[in-house]
Amino acid sequence: SELEQQLNMYRTIQKEIGKVQSSISSAGTQILENEMVLKELELLEEESSVYKLIGPVLIKQELVEVKNNVNKRIEYIKNDIGRLEQNIKNYEKQQEGVREKINALQKAAAAAAGGK
């Protein structure tokens with residue numbers, strides 16, 4: 001029935017919202033980790049050696065370059081969170097539309113049952 005279809009769609013949207021919320025949570029954790037890295041880098045002297053693990057090899061990098069990369073990564077993750085939050089808003093609008101259809105179908109079914 002159409003009511004079952006709408007209920008299934010509602011459940012599917014709920015699952016999608018859950019997935020996106022999970023992605024936001026993990027992105028938040030990544031931001032915290034990167035901010036901790038930045039704080040550690042701030043403690044170093046300008047001429048300190050900084051190494052990045054690339055595969056099995058440690059590659060020397062400039063401290064300024066490393067700080068810039070971490071800052072860029074934080075910005076990228078924040079932008080990603082913004083995009084994900086917009087996805088949730090879109091799903092919530094969709095969900096509201098489905099909820100209204102479900103209510104209308106339930107009222108129509110109740111009226112039909114009452115009229116018999």
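All heavy atoms count here, side chains included; hydrogens, waters and symmetry mates do not.
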Chemist: For the residue pair Ile81 and Gly28, what are the closest heavy atoms and their distance?
Modeler: CD1-N, 4.0 Å
Chemist: Within the structure provided, determine whether Leu38 and Asn34 are in side-chain contact (heavy-atom separation under 4.5 Å).
Modeler: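 SC-SC contact between Leu38 and Asn34 ruled out.
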Chemist: Which heavy-atom pair separates Glu45 from Leu63 by the least distance, and what is that distance?
Modeler: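 Answer, listing the atom of Glu45 first, then Leu63: O-CD2, 3.4 Å.
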Chemist: To the nearest 0.5 Å, what is the distance between CG on Asp80 and CD on Glu75?
Modeler: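 Asp80 CG to Glu75 CD: 12.0 Å, rounded to 0.5 Å.
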Chemist: With a 4.5 Å cut-off on side-chain heavy atoms, are Met9 and Gln94 touching?
Modeler: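 SC-SC contact between Gln94 and Met9 ruled out.
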Chemist: In terms of heavy-atom contacts, does CD of Glu42 have more than 12 from other residues, nucleotides or ligands at under 6.0 Å?
Modeler: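 It does: Glu42 CD has more than 12 such atoms within range.
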Chemist: With distance as the sole criterion, is a donor-acceptor pair present between the side chains of Gln86 and Asn90 under 3.5 Å?
Modeler: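 Checked: Gln86/Asn90 side chains pair up, N/O donor to acceptor below 3.5 Å.
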Chemist: Tell me, which pairs form a salt bridge (charged side-chain N to carboxylate O under 4.0 Å, His left out) where one or both residues lie in residues 19-33, sequence neighbours left out?
Modeler: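 Found Glu16-Lys19.
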Chemist: Is it the case that more than 12 heavy atoms not belonging to Lys67 sit under 6.0 Å from its NZ atom?
Modeler: yes
Chemist: Answer whether the closest heavy-atom distance between the side chains of Glu35 and Ile74 falls below 4.5 Å.
Modeler: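 Yes; the side chains approach each other to less than 4.5 Å.
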Chemist: Can you name the residues that form a side chain to side chain donor-acceptor pair (under 3.5 Å) with Asn68, not counting sequence neighbours?
Modeler: none
Chemist: Within this structure, what is the CE-CD1 distance for the pair Met36 and Ile31, rounded to the nearest 0.5 Å?
Modeler: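 Output value for this atom pair is 14.0 Å.
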Chemist: Mind checking whether Val64 and Leu44 sit in one hydrophobic cluster, side chains of I, L, V, M, F, W, Y counted as touching below 4.5 Å?
Modeler: no
Chemist: Can you find a heavy atom in the side chain of Leu53 that is under 4.5 Å from one in the side chain of Ile59?
Modeler: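 The answer is no, as the side chains (C-beta and beyond) never meet within the 4.5 Å cut-off.
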Chemist: Nearest 0.5 angstrom please: Ile17 CD1 to Gln21 CD, how far?
Modeler: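 Here the rounded value is 6.5 Å.
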Chemist: Return the set of residues passing side chain to side chain donor-acceptor pair (under 3.5 Å) with Glu100 (not counting sequence neighbours), or none when no residue passes.
Modeler: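 Listed in chain order: nothing, the list is empty.
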Chemist: Only counting residues at least two apart or in another chain, list the ones meeting side chain to side chain contact (heavy atoms under 4.5 Å, CB included) with Ser26.
Modeler: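 Applying side chain to side chain contact (heavy atoms under 4.5 Å, CB included) to Ser26 gives none.
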Chemist: I'd like to know if Lys60 pairs up with Glu65 as an ion pair, taking the criterion as any Lys NZ or Arg NE/NH1/NH2 lying under 4.0 Å from an Asp or Glu carboxylate oxygen.
Modeler: no
Chemist: I'd like to check the side chain to side chain donor-acceptor pair (under 3.5 Å) partners of Asn8; sequence neighbours left out, ordered by chain and number.
Modeler: Arg11
Chemist: Which pairs pass salt bridge (charged side-chain N to carboxylate O under 4.0 Å, His left out) with one or both residues in residues 89-99, sequence neighbours excluded?
Modeler: Glu96-Arg99
Chemist: Can you measure from CD1 (Ile24) to CD1 (Ile88) and round to the nearest 0.5 angstrom?
Modeler: 3.5 Å
Chemist: Compare every heavy atom of Val98 with every heavy atom of Tyr10, then report the nearest pair and how far apart it is.
Modeler: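 Answer, listing the atom of Tyr10 first, then Val98: CB-CG1, 3.9 Å.
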Chemist: What's the separation between atom NZ in Lys52 and atom CD in Gln61, rounded to the nearest 0.5 Å?
Modeler: 5.5 Å
Chemist: If I take atom CD1 from residue Ile102 and atom CD from residue Glu2, how far apart are they, to the nearest 0.5 angstrom?
Modeler: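 Here the rounded value is 10.5 Å.
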Chemist: At their closest point, which heavy atom of Leu84 faces which heavy atom of Ser23, and how far apart are they?
Modeler: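 Where Leu84 meets Ser23 most closely, the heavy atoms are CD1-CB, 3.8 Å.
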